Amino acid sequence: MKTKIEKIFKEKFGEGGTLYASAGRINLIGEHTDYNGGFVFPGAIDKVIMAEIKPNGTDKVRVFSIDIDDYAEFGLREEDAPSQGWARYVFGVCREIQKRGGVVKGFDAVFAGNVPLGAGLSSSAALESCFAFALNDMFNDNKIDKFELARIGQSTEHNYCGVNCGIMDQFASVFGRKGNLMRLDCRSMEYEYFPFNPVGYELVLVDSKVKHELKDSPYNKRRESCERVAKRLGMDTLRDATMEQLNAVKTDITAEDYFRAKFVIEEKQRVLDVCDALNAGDYETVGACMYATHEGLSKDYEVSCEELDFLNDVAKELGVIGSRIMGGGFGGCTINLVKNELHDKFIEEVKVRFKDKYGHEPAVYDVVISDGARKVED
Ligand code: ADP
Ligand code: MG
């Protein structure tokens, strides 16, 4: 990828610029917890967006996307927004830096990536973080702090790409560190690194490639359930709620709200349990928590679907140590913690069995926890 980027940069813009990269991400555990003031537990992966960038002395940005094979040129004022979707990520990052008082001047860039698009690994956050990190280094003496870089990516999604996302993806992409996951407290925004060196295991993503479009805004409904229960408990969020407290109001709330809140309370505890297990190098417990999360997402929170439950069942049957839905649900990926010796068999079987049942093969990605945003070289 690096060689290709350098070759094309040279053809299009001449002499070499500087190479930067940022990563996609996984979330090991902690689902639907962000808007409940709980914890998420992401890490950056060995799939990246890489860009070669050089100031061009003008007030124009000229950028070429190798993967989409498309070129965009735009100015740096609000009315200069490009029409291509992919270019709006780059433009948005420039504008969000400017809005915060940062400097962005004209530059030339060529970029490519190997984060699968729309597979739940957050290629968009990788793209935003790569450019945010680069422009901070190139024009701002790295004066913008890393949290602000993540927020710049998040605001780009909100204001230029129509995606109302949380902060986790950009946080993971910016802060990622090889061999570490990060527990982010979505209430205080404090974070802590935990070692993740699953010797003897691999992380495997299985993308069902289905996305069920649901009519009645299921995400909003889940949120509303959580808010209702929190209110009943006299709390802002379910963050500090316990099962004892929930059980004490069980008769005052609907069964549906009860099970939604139960999942959130248990999921918060599972993140903490996984952190303890990682500190003890106990990957069996990590895996058991992943299965428990799947069960909760499927039965209590009801955001799974037939295909994801099938993937989870196959993993369990084959002896995969941990498996669960990753992401909001209703389609997308499962994340699996697989023993090395089972890896090839698992991938083969899951592909065949899924295809037999649903008519198409799932996509499978091996991931390794790696560094986030960085300068690759001068
Ligand atoms: P994801 O879950 O992967 O973040 P999104 O729909 O949020 O999916 O973001 C995907 C979008 O990000 C693409 O449609 C494209 O505009 C942009 N993008 C991601 N990767 C690349 C790439 N390698 N080259 C060009 N654009 C990319
Ligand atoms: Mg995205």
Side-chain angles (χ1 to χ4, degrees), residues 1-2 4-5 8-9 12 19-27 31 34 40 42-53 61-74 81-94 96 109-134 150-174 176 205-213 219 325-335 362-363 365 367 372-373 376:
M1 172 164 39
K2 179 169 168 276
K4 191 160 61 170
I5 292 169
I8 293 176
F9 190 92
K12 297 205 177 294
L19 274 170
Y20 296 89
S22 195
R25 63 99 192 92
I26 55 94
N27 183 35
E31 216 62 75
D34 52 351
V40 291
I45 58 174
D46 58 337
K47 312 238 176 301
V48 301
I49 295 279
M50 192 182 282
E52 180 164 352
I53 308 182
V61 173
R62 305 188 294 180
V63 53
F64 182 71
S65 160
I66 293 179
D67 303 319
I68 299 188
D69 190 18
D70 195 16
Y71 174 80
E73 185 172 324
F74 49 81
S83 56
Q84 301 103 307
W86 65 269
R88 293 180 69 86
Y89 289 93
V90 181
F91 176 76
V93 168
C94 296
E96 291 298 333
V110 169
F111 74 98
N114 57 6
V115 189
L117 273 64
L121 300 179
S122 217
S123 64
S124 62
L127 177 54
E128 291 143 15
S129 307
C130 178
F131 276 88
F133 185 93
R151 288 204 181 88
I152 283 164
Q154 184 193 22
S155 303
T156 296
E157 302 252 1
H158 292 181
N159 299 329
Y160 298 93
C161 309
V163 180
N164 196 14
C165 61
I167 192 73
M168 176 176 79
D169 299 353
Q170 291 78 13
F171 166 80
S173 188
V174 170
L205 278 293
V206 180
D207 181 3
S208 67
K209 296 202 236 171
V210 303
K211 195 79 221 159
H212 296 287
E213 299 297 337
Y219 297 108
I325 298 166
M326 190 178 83
F330 305 115
C333 286
T334 61
I335 180 168
Y365 306 104
V367 299
V376 177

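For ligands, and for the atoms within them, numbers begin at 1 and follow the listed sequence. The model shown is predicted, which means the values in this text are computed figures rather than measured ones. For reference, positions follow the sequence shown, starting with 1.
Distance check on atom 2 (O) of ligand 1: some protein heavy atom falls below the 4.0 Å cut-off.
Lys4 NZ: 12 or fewer foreign heavy atoms inside a 6.0 Å radius.
Distance check, rounded to the nearest 0.5 Å: CG of Asp67 to CG of Leu127 gives 10.0 Å.
At least one N or O atom of Gly118 sits closer than 3.5 Å to an N or O atom of ligand 1. Taking only nitrogen or oxygen atoms, main chain and side chain alike, Ser123 reaches within less than 3.5 Å of ligand 1.
Within ligand 1, the atoms closer than 4.0 Å to a non-hydrogen atom of Trp86 are 16 (O), 26 (N), numbered from 1 in the order shown. Listed by atom number, the atoms of ligand 1 under 4.0 Å from Ile49 heavy atoms are 20 (N), 21 (C), 22 (C), 23 (N). Interface atoms of ligand 1 facing Ile68, defined by a heavy-atom separation under 4.0 Å, are 25 (C), 26 (N). Under a 4.0 Å criterion applied to the non-hydrogen atoms of Pro116, ligand 1 contributes the atoms 3 (O). Set against the non-hydrogen atoms of Ser65, the atoms of ligand 1 under 4.0 Å away are 24 (N), 25 (C).
Residue Ser208 comes nearest to Gly332 through the heavy atom pair OG-O, 2.7 Å, listed as atom of the first residue, atom of the second, then distance. The two residues Ser22 and Gly372 have their closest heavy-atom pair at OG-C, 3.9 Å.
Remark: minimum distance from atom 24 (N) of ligand 1 to any protein heavy atom is reached at Phe111 CE1, 3.4 Å. In terms of protein heavy-atom proximity, atom 9 (O) of ligand 1 is closest to Ser124 CB, 3.3 Å. Of the protein's non-hydrogen atoms, Tyr89 OH, 4.5 Å is the one closest to atom 6 (O) of ligand 1.
Metal site remark for the Mg ion (ligand 2): Ser123 contributes no N, O or S atom at a distance under 2.8 Å.
The option with the heavy atom closest to atom 20 (N) of ligand 1, from among Val48, Leu117, Val63, is Leu117. In the candidate list Asp67, Leu127, Val90, Asp67 is nearest to atom 22 (C) of ligand 1, counting heavy atoms.
No side-chain heavy atom of Phe330 sits under 4.5 Å from any side-chain heavy atom of Val210. At least one side-chain heavy atom of Phe111 sits less than 4.5 Å from a side-chain heavy atom of Val63.
For the side-chain contact (heavy atoms from CB on, under 4.5 Å) criterion with Met50, the lone passing option out of Val376, Val110, Ile66 is Val376. Residue Gln170 forms a side chain to side chain donor-acceptor pair (under 3.5 Å) with just one option from Arg25, Gln154, Glu128, and that option is Glu128.
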query: Are Phe91 and Phe74 close enough, and set up right, to give a ring-ring contact (aromatic ring centres under 6.0 Å, His included), and what steps lead you there?
result: CA-CA 8 Å; Phe91 176 76; Phe74 49 81; 5.5 Å; yes
